Amino acid sequence: MAAALALLSVAAALGPAVPALRYRPDWASLDARPLPAWFDRAKVGVFVHWGVFSVPAWGSEWFWWHWRGEHRAAYESFVRSRFPPGTTYADFAPLFTARDFQPRDWARLFQRAGARYVVLTTKHHEGFTNWGSSVSWNWNSLDTGPQRDLVGELGQALRESNIRYGLYHSLLEWFNPLYLADKESGFKTQNFVLKKTMPELYDLVLKYKPDLIWSDGDWDAPESYWNSTSFLAWLYNDSPVKDTVVVNDRWCSNCSCRHGGYYNCADKYKPGTLPAHKWEMCSSIDKLSWGYRSNMNIAELMDEASIIEELVQTVSFGGNYLLNVGPTKEGVIVPIFQERLLALGKWLDTNGEAIYETKPWRVQMENSTDMVWYTSKGPVVYAIFLLWPQDNVVELSSPAPSPDTQVTMLGFAGTLKWQKSPGEGLLVTLPCMPPSPQSGWALKLEGVK
């Protein structure tokens, strides 16, 4: 017994036989980290752009830059006609009230939309933080405007609903004097990074333990300025979310589509072939803006069919789909955005089996048309067609049938008749009337290759 105890004490002193893998602060090491599995399984997320830009609610979330950075005449005219003389962007902050923000209502909406994760803007390029950042004095949601911790409140509500929580954070701030001084030096100084960007990133991780960090504002400067690799090494090695956190690819001027966790590549990115790396397509219901615009009209919004087509195309190519809404300054997600999200959720209630936790199949789409898309789950193949054929027959030339082939339609009871196509593949006879919903249907193919 004494010998055994002695051996145990020696083993404890030596530590584990196999040391835990630690990531170095360089891209070769960081890029080798396996992506936590939850992200690929999730497939569907909701993006939320919310900040002081929601007060003018005009043009886009880049309002301040277009107005004071580029001096666009339309923006200058807008401010002159709507606000008192001498108005500054800082004057908008007290009007960002979030008075009607009900985080549990948001969480319920996102859950009904079928979202498995939600990404909130904690800070856009304007620099205003939606939590009480100690390095954003008087330019944060606790000191002015809502006087609430918006990041924390939504995070609590999402976790109660079992939805993963992602935090969008901009590395740069357009008009921060520290950033402008660093930029003037050719990014040889790092005062803004050391005093503002990095303290905020560490604070967000330690305070809110996010499942995802959606970095942005990377394009001006190289990694040597941002210290991105040092932060990511800490995030992967020592942070409280080191085993579960997922990050995107916007960490330096030459990072997009090359370094990081999963790839965004560009806003509304749509690859034409199956990418080799996990990726995400972010899109917005308002086609002209990510933030709320009070003057949007219905023709400028994505309809249900367009949303479902983007989702299906994205997942077939192995991506996740992140669909954006912009709440009002009061914290209301306007009814038209709610309607679009609920329509997506209703479609997923029926067809989610062909989306969630799937993998790309050997063929992503039929060569003859872009209206049939494929996903797979183990031996099962899903063929999602977006237009109902006039003769109620779908031709699938890619799957190879066998005597054991069985075809069903998600949301429709019973099996469907099929026959071998004269060429290759199979012809599936559909029900005489399209089952609801009217924007895409999924066939479940078993026993095909």
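Quantities reported herein were computed from a predicted structural model and do not represent experimental measurements.
None of Phe175, Trp219, Tyr89 except one satisfies the ring-ring contact (aromatic ring centres under 6.0 Å, His included) rule with His125; the exception is Trp219.
With salt bridges taken as basic N to acidic carboxylate O contacts below 4.0 Å, one links Arg108 and Asp105. The residues Lys278 and Asp249 are annotated as not salt-bridged, no charged nitrogen and carboxylate oxygen being separated by less than 4.0 angstrom. Contact check on Glu200 versus Lys196 returns a salt bridge, with a Lys/Arg side-chain nitrogen under 4.0 Å from an Asp/Glu carboxylate oxygen. Comment: Asp182 does not engage Lys188 in a salt bridge, judged by the lack of any side-chain N to carboxylate O separation of less than 4.0 angstrom. The pair Glu153-Arg148 meets the salt-bridge criterion, with a side-chain N (NZ, NE, NH1 or NH2) lying under 4.0 Å from an Asp/Glu carboxylate O. Under a 4.0 Å N-O distance rule, the pair Asp286/Arg293 qualifies as a salt bridge. Between Asp238 and Arg22 there is a salt bridge, since a side-chain N of the basic residue sits under 4.0 Å from a carboxylate O of the acidic one.
Under the 30°/60° scheme for interplanar angles, the aromatic rings of Phe47 and Trp214 are found to be tilted. Aromatic ring pairs are classed by plane angle as parallel below 30°, tilted from 30° to 60° and perpendicular above 60°; the pair Trp67 and Phe92 is tilted.
With sequence neighbours left out, the side chain to side chain donor-acceptor pair (under 3.5 Å) criterion links Thr408 to no other residue. Cys282 is linked by a disulfide bond (SG atoms under 2.5 Å apart) to nothing, counting only residues two or more places apart in sequence or in another chain.
Surrounding CZ of Arg362 are more than 12 heavy atoms belonging to other residues, nucleotides or ligands, all under 6.0 Å away.
Counting only distance, with no hydrogens or angles, the side chain of Lys123 and the backbone of Ser170 share a donor-acceptor pair below 3.5 Å. Within the 3.5 Å criterion, the main-chain N or O of Ile163 finds no donor-acceptor partner in the side chain of Ser161.
Taking NZ of Lys270 as the start and CH2 of Trp279 as the end, the distance is 9.0 Å to the nearest 0.5 Å. Taken from NE2 in His169 to CG in Leu204, the straight-line distance is 6.0 Å, to the nearest 0.5 Å.
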